[in-house]
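Letters A, B, ... mirror the listed sequences (proteins, then strands); counts begin at 1. As a basis for the values below, the full set of heavy atoms in this structure was taken, side chains included, without hydrogen atoms, waters or symmetry mates.
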2 protein chains.
Amino acid sequence: MTSQAFEAHDHRSCIAAGVASAVQICAERNLQLTAARQRVLEILLSEHRAMGAYEILEHLRAEGLGSQPPVAYRALEFLTKNGFAHRIERLNAFIACSHLDNAHAPVFLICRACERVVEAEANAAQGEIDRVARRAGFVVERAVREAEGLCPACAPTA
Amino acid sequence: MTSQAFEAHDHRSCIAAGVASAVQICAERNLQLTAARQRVLEILLSEHRAMGAYEILEHLRAEGLGSQPPVAYRALEFLTKNGFAHRIERLNAFIACSHLDNAHAPVFLICRACERVVEAEANAAQGEIDRVARRAGFVVERAVREAEGLCPACAPTA
DNA sequence: GATCGTATGATATAACATATCAACCCCATC
DNA sequence: GATGGGGTTGATATGTTATATCATACGATC
């Protein structure tokens, strides 16, 4: 997946590849990818948009994997803590990671029309956040880089 | 105020200058800086940290300026829409603008220890968000640039 | 088989945000 | 001075997101 991932693609492979990578990484790192956790990852992978915790919870509930908010939040915490998913602060919602392979400083492009969210790779060291932080003597532990606007498909019609 | 504003300073002037600027700008643009709106701005200016809508509402309530959530959210909407305050997405909270003078692409540095939030100026065109968006053909309407970590005062002790 | 760590289950509540409708006020115009 | 429109406010209710807390289950290890 490239940074221009607003384009059409074989989406089944997104899900399959994402789950397969997660399974392998969890095995390597002795992380427990339990049924609920894996299912939440699949749910997130099933769409290139951010999903709220309660939307995810509805799926889990329908499948008998849990019905109370902490069920979803615990799975999401596991996934985000270990890099399998990201939280989109602007939307108070979550999305599967598109770049499981490499450590990264993701930038998210959020289309307000079609709701698609694309995760692109940035070079943190060249970004304005790090430049500003360095100048101020501030130690960055987590950086949020999100843009909201219109994707190439939606911009013309809007 | 510079981008190193974690430093000590005459804080009374922050409040006075901020309100005075807002009064002037509202006059110029025919914006109504009503009692509640001005008071919310003062409340935000009174601390260099982000405040939640309900925390602000408590102040308003104590002063007889309103007691229900919409009162706070309406004032905050006015202030953010017109650039007198900013929303910190990471915290679901709000902070007074430190750079009323110039149009800007703010970067926020959020100290998780002392809770101070500093607004620094970035050069949007040089940032990673805009670079990535340009490459993807994405039209940015709003960009979120927030770093969470430790300020120069808190980093040593943590 | 006792203990420990990790994960789940279950209930309640905190925190953040908006929809809706009625009332009010200013002020521009007739 | 009456009329009407725009913006603002008041009040109620509700929707949405997130966490605290306590209890339970289960496998690993000693």
Side-chain angles (χ1 to χ4, degrees), chain A residues 22 26-27 29-41 43-44 49-82 84-95 110 112 115 144 146 148, chain B residues 22 26-27 29-41 43-44 49-82 84-95 110 112 115 144 146 148:
Chain A
C26 285
R29 301 185 197 161
N30 274 321
L31 299 173
Q32 300 189 39
L33 189 62
T34 62
R37 291 168 177 179
Q38 179 170 335
R39 190 67 193 104
V40 170
L41 179 58
I43 292 166
L44 289 175
R49 67 181 176 89
M51 300 177 76
Y54 280 65
E55 186 180 357
I56 290 163
L57 183 57
E58 277 175 28
H59 287 267
L60 296 179
R61 184 179 287 140
E63 299 167 18
L65 282 169
S67 62
Q68 299 304 319
V71 174
Y73 280 100
R74 285 165 181 162
L76 288 167
E77 185 189 0
F78 171 87
L79 294 173
T80 54
K81 195 170 71 179
N82 293 294
F84 302 122
H86 298 290
R87 176 181 170 84
I88 307 296
E89 299 293 344
R90 184 78 233 273
L91 304 175
N92 291 337
F94 302 83
I95 192 164
I110 307 163
R112 66 168 164 81
E115 294 192 302
V144 178
E146 297 171 0
E148 192 174 25
Chain B
C26 285
R29 300 184 196 161
N30 274 321
L31 298 174
Q32 301 188 38
L33 189 61
T34 63
R37 291 169 178 177
Q38 179 168 335
R39 189 69 193 105
V40 170
L41 178 57
I43 292 167
L44 289 175
R49 67 182 176 87
M51 301 177 76
Y54 280 64
E55 187 179 356
I56 291 164
L57 184 56
E58 277 175 28
H59 287 268
L60 296 179
R61 184 179 287 140
E63 299 167 19
L65 282 170
S67 63
Q68 299 302 322
V71 174
Y73 280 101
R74 285 166 181 159
L76 289 167
E77 186 189 1
F78 171 87
L79 294 173
T80 53
K81 195 170 69 178
N82 294 294
F84 302 121
H86 298 289
R87 177 180 169 83
I88 307 297
E89 300 292 344
R90 184 76 233 274
L91 304 175
N92 291 338
F94 302 84
I95 192 164
I110 306 163
R112 65 166 165 81
E115 295 193 301
V144 178
E146 296 172 359
E148 193 174 24

(request) Report yes if the side chains of V144(A) and E89(B) come closer than 4.5 Å at any heavy-atom pair, otherwise no. (result) no
(message) For a 4.5 angstrom cut-off between non-hydrogen side-chain atoms, does F78(A) reach L31(A)?
(response) yes
Least distance between heavy atoms, [X] atom then [Y] atom:
{"X": "I110(B)", "Y": "E146(B)", "value": "CD1-CB, 4.2 Å"}
{"X": "H59(A)", "Y": "I43(A)", "value": "CB-CD1, 3.5 Å"}
{"X": "F94(B)", "Y": "L44(B)", "value": "O-CD2, 3.5 Å"}

(message) Distance under 4.0 Å to a non-hydrogen atom of chain A counts as contact; along DNA chain C, which nucleotides mark the start and end?
(response) dT6(C) to dT11(C)
(request) Starting from the first five and the last five pairs of the helix from dG1(C)-dC30(D) to dC30(C)-dG1(D), work out the angle between the resulting helix axes, to 10 degrees. (result) 10°
(message) Applying salt bridge (Lys or Arg N to Asp or Glu O under 4.0 Å) as the test, list every pair that has at least one member in residues 64-80 of chain A; sequence neighbours left out.
(response) none
Checking [X] now: which residues fulfil side-chain hydrogen bond (donor to acceptor under 3.5 Å, both in side chains) with it, not counting sequence neighbours?
{"X": "N92(A)", "value": "R87(A)"}
{"X": "E55(B)", "value": "R49(B)"}
{"X": "R61(B)", "value": "none"}

(message) Please list, in numerical order, the residues of residues 51-71 of chain B that have a heavy atom closer than 4.0 Å to any atom of DNA chain C.
(response) Y54(B), P69(B), P70(B)
Tabulate protein N/O versus nucleotide N/O from nucleotides 24-28 of chain D, keeping only pairs under 3.5 Å, one per line.
none

Acceptor/donor pairs from residues 32-40 of chain A side chains to any protein atom, 3.5 angstrom cut, sequence neighbours excluded:
{"unit_1": "R37(A)", "atom_1": "NH1", "unit_2": "Q32(A)", "atom_2": "O", "d": "2.7"}
{"unit_1": "Q38(A)", "atom_1": "NE2", "unit_2": "E42(A)", "atom_2": "OE2", "d": "3.2"}
{"unit_1": "R39(A)", "atom_1": "NE", "unit_2": "E63(A)", "atom_2": "OE1", "d": "2.7"}
{"unit_1": "R39(A)", "atom_1": "NE", "unit_2": "E63(A)", "atom_2": "OE2", "d": "3.4"}
{"unit_1": "R39(A)", "atom_1": "NH1", "unit_2": "E42(A)", "atom_2": "OE1", "d": "3.0"}
{"unit_1": "R39(A)", "atom_1": "NH2", "unit_2": "E63(A)", "atom_2": "OE2", "d": "3.1"}

(request) Answer yes or no: does a side-chain N or O of R74(B) lie under 4.0 Å from OP1 or OP2 of dG7(D)? (result) no
(request) Calculate, to the nearest 0.5 Å, the distance between atoms CG and CD belonging to L91(A) and E115(A) respectively. (result) 8.5 Å
(message) If I take atom CZ from residue R90(B) and atom CZ from residue R112(B), how far apart are they, to the nearest 0.5 angstrom?
(response) 11.5 Å
If you look only at distance, which donor and acceptor atoms sit under 3.5 Å apart when one is on a side chain in residues 65-73 of chain A and the other is two or more places apart or in another chain?
none

(message) Between P on dT19(D) and CD on E77(A), what's the gap in Å once rounded to a whole number?
(response) 8 Å
(message) Without decimals, in angstroms, what is the distance between R90(B) CZ and dA18(D) C1'?
(response) 13 Å
